[in-house]
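Taking it in order: structure first as structure tokens, then the write-up.
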Amino acid sequence: MIRVILADDQPLVRSGIGMLLSAEPDIEVVGEAHDGAQAIDLAEQLKPTVVLMDIRMPGIGGVEATRHITADQFSNGQSNPVRVLVLTTYNVHEAVIQALRAGASGFLLKDAAPEELVRAVRVVADGDAWLDPSVTPELLREFAARPDRLLPTPAEMENLTAREREVLVLIAHGMSNGEIARHLVISETTVKTHYSRIVIKLGVRDRAQAVAAAYQCGLVQPGTTPPPQS
């Protein structure tokens with residue numbers, strides 16, 4: 001069961017999203033927060049799978065709350081970290097970029113279709129990144145243009161094998177593990193093994209950070225398409 005906390009200062013927004021998610025058989029809304037401080041407290045107490053986090057809230061905002069929640073002490077063990085999916089009315093806004101760099105596993109616009117929200121929650125709960133498709137190119141251009149000193153360097157990218165770099169490129173193009181397996185004609189288990197090694201070698205937190213690192217290091221260029229299928 002995917003356990004979700006909703007963090008938004010608007011009760012009607014929380015109510016609407018809560019009803020939508022609770023209608024799904026594999027999702028349970030376990031708590032609601034009206035600001036970042038309450039979101040931090042609930043995440044520590046309830047150890048949810050995913051926190052849906054609004055950016056703009058009174059007091060402690062979504063970025064700072066994300067930074068606290070994605071810290072190690074909020075995890076259910078190393079293999080089960082509490083993940084944050086940012087909800088925002090903005091497109092590529094400074095706060096969204098900060099939230100992703102603070103540890104969010106992705107972001108979604110509040111005007112997204114209901115089925116897209118449900119899918120995003122499931123994708124993030126499964127350990128993948130979710131970047132709203134309508135603005136992903138703009139976001140990646142921002143990441144490439146504004147380097148983050150905490151992300152891996154091009155020299156550190158050289159620690160990856162040729163196959164691991166190949167997998168990372170496809171991850172950066174938004175492919176799922178299953179799609180990568182079909183593209184490279186390997187098993188999905190092998191893809192997961194390569195991904196695990198990428199995370200360890202680069203010291204990144206999740207797919208969102210891996211994608212950002214791939215663009216920042218020039219492994220992938222904004223606007224390019226995936227390489228031909230094997």
Side-chain angles (χ1 to χ4, degrees), residues 2 26 49-50 78-81 83-86 91-92 96-97 100-101 103-109 112-113 115-145 147-148 151-230:
I2 299 171
D26 58 336
T49 317
V50 177
Q78 189 174 2
S79 61
N80 293 296
R83 304 185 186 280
V84 175
L85 175 62
V86 170
N91 286 355
V92 181
V96 173
I97 295 173
L100 290 173
R101 286 178 168 164
S105 293
F107 83 101
L108 187 69
L109 299 182
E115 59 270 20
E116 189 175 3
L117 171 61
V118 172
R119 184 183 173 203
V121 169
R122 289 181 176 137
V123 166
V124 169
D126 197 40
D128 285 346
W130 182 273
L131 304 178
D132 193 294
S134 65
V135 292
T136 294
E138 184 183 353
L139 175 70
L140 294 176
R141 281 194 294 272
E142 288 288 330
F143 267 114
D148 183 348
L151 288 177
T153 64
E156 289 172 306
M157 279 287 176
E158 293 301 316
N159 293 326
L160 302 181
T161 66
R163 180 60 99 183
E164 287 163 356
R165 285 196 295 273
E166 197 171 12
V167 169
L168 179 55
V169 165
L170 296 179
I171 289 173
H173 281 292
M175 288 190 180
S176 66
N177 288 341
E179 290 169 335
I180 294 172
R182 290 190 292 275
H183 192 89
L184 297 178
V185 196
I186 57 178
S187 72
E188 193 166 342
T189 300
T190 300
V191 174
K192 291 179 180 178
T193 298
H194 285 311
Y195 170 67
S196 297
R197 290 172 179 165
I198 290 167
V199 169
I200 292 170
K201 288 182 178 181
L202 297 183
V204 293
R205 183 184 299 108
D206 54 22
R207 279 174 106 93
Q209 278 201 335
V211 169
Y215 278 88
Q216 180 169 302
C217 291
L219 194 63
V220 184
Q221 298 296 325
T224 58
T225 58
Q229 190 169 3
S230 297

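Along the sequence shown, the residues carry numbers beginning at 1.
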Between [X] and [Y], which heavy-atom pair has the shortest distance, and what is it?
X: Arg83; Y: Ala125; value: NE-O, 4.2 Å
X: Leu85; Y: Ala120; value: CD2-CB, 3.8 Å
X: Pro154; Y: Cys217; value: N-SG, 3.6 Å
X: Gln221; Y: Tyr215; value: C-CE2, 3.8 Å
X: Val121; Y: Ile2; value: CG1-CG2, 4.0 Å

Indicate yes or no: at least one non-hydrogen side-chain atom of Val84 is less than 4.5 angstrom from one of Val50. no

Candidate pair Arg163 and Glu166, rule salt bridge (Lys or Arg N to Asp or Glu O under 4.0 Å), full reasoning: CA-CA 5 Å; Arg163 180 60 99 183; Glu166 197 171 12; 2.9 Å; yes

Does [X] reach the main-chain N or O of [Y] with its side chain, forming a donor-acceptor pair under 3.5 Å?
X: Glu179; Y: Ser176; answer: yes
X: Ser196; Y: Lys192; answer: yes
X: Arg165; Y: Leu160; answer: yes
X: His183; Y: Pro227; answer: yes
X: Tyr195; Y: Arg207; answer: yes

Point-to-point distance, once rounded to the nearest 0.5 Å, from [atom1] of [X] to [atom2] of [Y]:
X: Thr193; Y: Ile198; atom1: OG1; atom2: CD1; result: 11.0 Å
X: Arg197; Y: Leu202; atom1: CZ; atom2: CG; result: 13.5 Å
X: Leu170; Y: Met175; atom1: CG; atom2: CE; result: 5.0 Å

Please determine, by modelled atom types, if Ser187 and Thr190 share a side-chain donor-acceptor pair under 3.5 angstrom. yes

Which one of Ile171, Val204, Leu168 satisfies the side-chain contact (heavy atoms from CB on, under 4.5 Å) criterion with Val211?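 Result: among Ile171, Val204, Leu168, Ile171 is the only option passing the side-chain contact (heavy atoms from CB on, under 4.5 Å) with Val211.
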
Pair Trp130, Arg122 - check side-chain contact (heavy atoms from CB on, under 4.5 Å), show working. CA-CA 10 Å; Trp130 182 273; Arg122 289 181 176 137; over 6 Å; no

